[in-house]
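Everything on this sheet refers to the single structure shown next.
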Amino acid sequence: MTAPAYVPGHDLLAGKVVVVTAAAGAGIGAAVVRRALEEGAQAVVFSDTHERRLGEAEEVLATEFGADRVRQVVCDVTDEDQVQALLDAADELGGVDVMVNNAGLGGTASVLELTDEQWSRVLDVTLTGTFRCVRAAGRRMVDAGRKGVIVNNASVVGWRAQDGQAHYAAAKAGVMALTRCAAMDLAPHGIRVNAVSPSLAMHPYLAKVTSDELLAELTQREAFGRAAEPWEVANVMVFLASDYASYLTGEVVAVSSQHA
């Protein structure tokens with residue numbers, strides 16, 4: 001089954017300042033940036049650790065959507081100072097309304113061979129990095145009296161088992177738990193926190209680092225018999241960030257049939 005036609009924007013994020021991490025490539029983060037702009041965001045601040053790709057992405061988006069609506073910031077989510085600098089950039093544009101935490105790090109290793117360094121690195125980027133960004137954005141929203149939204153990127157492996165993924169699965173399960181608990185902490189301030197849980201969103205980088213055999217196996221598990229397009233996951237994230245999801249908080253939405 002082929003992907004449906006791309007859906008045009010409907011100003012779901014009109015006037016909002018959106019921050020997106022890990023968004024310089026061709027995956028979900030980049031799709032969220034584009035979709036947020038198409039949905040009328042006042043400005044999108046997007047980050048990554050790859051400076052050259054960030055600059056190239058900003059140039060393309062500025063040409064298409066206007067230089068005043070896009071800003072790139074190099075940010076490693078394992079570095080608290082860099083996370084704060086990312087939110088500072090949003091403050092210069094009016095302050096963060098929507099924080100999309102997309103940064104994550106994977107890898108494949110049997111638990112018998114997994115090193116402390118591999119475990120710690122994946123957890124630091126994927127789980128603790130998400131925590132740092134939730135905390136930073138939440139504090140800015142509370143201080144500004146802003147009823148903002150935080151959307152985290154989890155994964156179906158936070159629910160189900162997959163060989164070689166103990167570190168990544170543990171991190172993503174942690175993101176789900178963090179999402180639920182942070183939602184309760186921030187609800188008194190009118191701030192919503194939700195997550196999406198994709199399985200296979202195909203893009204060129206993923207194809208490079210994943211074997212054809214595994215890609216075929218994961219594709220066969222999907223109800224539609226195909227991988228998701230990154231923009232299909234981005235659509236759900238934008239919905240969660242919009243006022244259409246005003247009573248949704250603490251939820252993890254599966255963008256996949258592989259949640260069981």
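When a residue number appears, it is its place in the shown sequence, counting from 1. Side chains are part of it too, since the values below use all heavy atoms of this structure and drop only hydrogens, waters and symmetry mates.
- In this structure a side-chain-to-backbone donor-acceptor pair under 3.5 Å is missing from Asp11 to Ala14.
- Ser47 is linked by a side chain to side chain contact (heavy atoms under 4.5 Å, CB included) to Thr21, Cys75, Leu86, counting only residues two or more places apart in sequence or in another chain.
- Linking Ile, Leu, Val, Met, Phe, Trp and Tyr whenever their side-chain heavy atoms come within less than 4.5 Å puts Val74 and Val70 in one cluster.
- Residue Phe239 comes nearest to Ala245 through the heavy atom pair O-CB, 3.4 Å, listed as atom of the first residue, atom of the second, then distance.
- Nearest heavy atoms, Ala89 versus Val45: CB-CG1, 4.1 Å.
- Remark: the backbone N or O of Arg140 is not paired with any side-chain donor or acceptor of Arg146 at under 3.5 angstrom.
- Between Arg34 and Glu64, at least one side-chain N (NZ, or NE/NH1/NH2) sits under 4.0 Å from a carboxylate O, which counts as a salt bridge.
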Side chain to side chain contact (heavy atoms under 4.5 Å, CB included) between Met176 and Trp159: does it pass, once the steps are laid out? CA-CA 9 Å; Met176 294 178 180; Trp159 280 315; 3.7 Å; yes

Full working for side chain to side chain contact (heavy atoms under 4.5 Å, CB included) between Ile28 and Met237
CA-CA 10 Å; Ile28 293 170; Met237 299 179 94; 3.7 Å; yes

Going by atom type alone, with no hydrogens or angles, which donor-acceptor pairs under 3.5 Å involve a side-chain atom of residues 99-113 and a protein atom two or more places apart or on another chain?
from	atom 1	to	atom 2	distance (Å)
Asn101	ND2	Asn152	OD1	2.8
Asn102	OD1	Asn153	ND2	2.8
Asn102	ND2	Ala22	O	2.8
Thr108	OG1	Gln165	NE2	3.2
Ser110	OG	Leu112	N	3.1

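- At most 12 heavy atoms of other shown residues, nucleotides or ligands fall within 6.0 angstrom of atom CD in Glu51.
- No single ILVMFWY cluster, assembled from side-chain heavy atoms under 4.5 Å apart, contains both Val19 and Leu54.
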Dump the intermediate steps for side chain to side chain contact (heavy atoms under 4.5 Å, CB included) on Ile150 and Leu186, then the final yes or no.
-> CA-CA 10 Å; Ile150 297 171; Leu186 293 174; 4.0 Å; yes

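- For residues 235-251, every residue pair satisfying the side-chain hydrogen bond (donor to acceptor under 3.5 Å, both in side chains) rule, not counting sequence neighbours, is listed here: Arg35-Asn235.
- Legend: side-chain hydrogen bond (donor to acceptor under 3.5 Å, both in side chains) pairs involving residues 180-192, not counting sequence neighbours: none detected.
- Nearest approach of Gly148 to Met141, heavy atoms of both residues: CA-SD, 3.7 Å.
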request  = Under the side chain to side chain contact (heavy atoms under 4.5 Å, CB included) rule, what do Val18 and Asp97 come out as? Steps first, then yes or no, please.
outcome  = CA-CA 6 Å; Val18 181; Asp97 295 293; over 6 Å; no

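- Minimum interatomic distance between Ala241 and Val98 (heavy atoms only, all atoms of both residues): CB-CG1, 3.6 Å.
- Under the 4.5 Å side-chain heavy-atom criterion for ILVMFWY residues, a single connected hydrophobic cluster contains both Leu13 and Leu37.
- In this structure, the side chains of Phe65 and Val44 stay at 4.5 Å or more apart for every pair of heavy atoms.
- Between Asp48 and Ala23, the shortest heavy-atom contact is OD2-N, 3.3 Å.
- For Arg52 and Glu56, the salt-bridge test passes: some basic side-chain N is under 4.0 Å from an acidic carboxylate O.
- Pairing each heavy atom of Ser155 with each of Ser197, the nearest pair is C-OG, 2.9 Å.
- Both Val96 and Ile191 are part of a single hydrophobic cluster, where members link through side-chain heavy atoms under 4.5 Å apart.
- Listed by first then second residue, pairs satisfying ring pair (Phe, Tyr, Trp, His ring centres under 6.0 Å) with a partner in residues 2-41 read Tyr6-Trp231, not counting sequence neighbours.
- At distances below 3.5 Å, not a single donor-acceptor pair connects side-chain atoms of Asn194 with backbone N or O atoms of Val151.
- Taking Ile, Leu, Val, Met, Phe, Trp and Tyr as hydrophobic and joining them when side-chain heavy atoms fall under 4.5 Å apart, one finds Val7 isolated, its cluster having no other members.
- Between Asp76 and Arg132, no side-chain nitrogen of the basic residue sits less than 4.0 Å from a carboxylate oxygen of the acidic one, so the salt-bridge criterion is not met.
- Atoms OG1 and CZ, on Thr126 and Arg121 in that order, are 9.0 Å from each other to the nearest 0.5 Å.
- Both Val255 and Val32 are members of a single hydrophobic cluster when ILVMFWY side chains are connected at heavy-atom separations under 4.5 Å.
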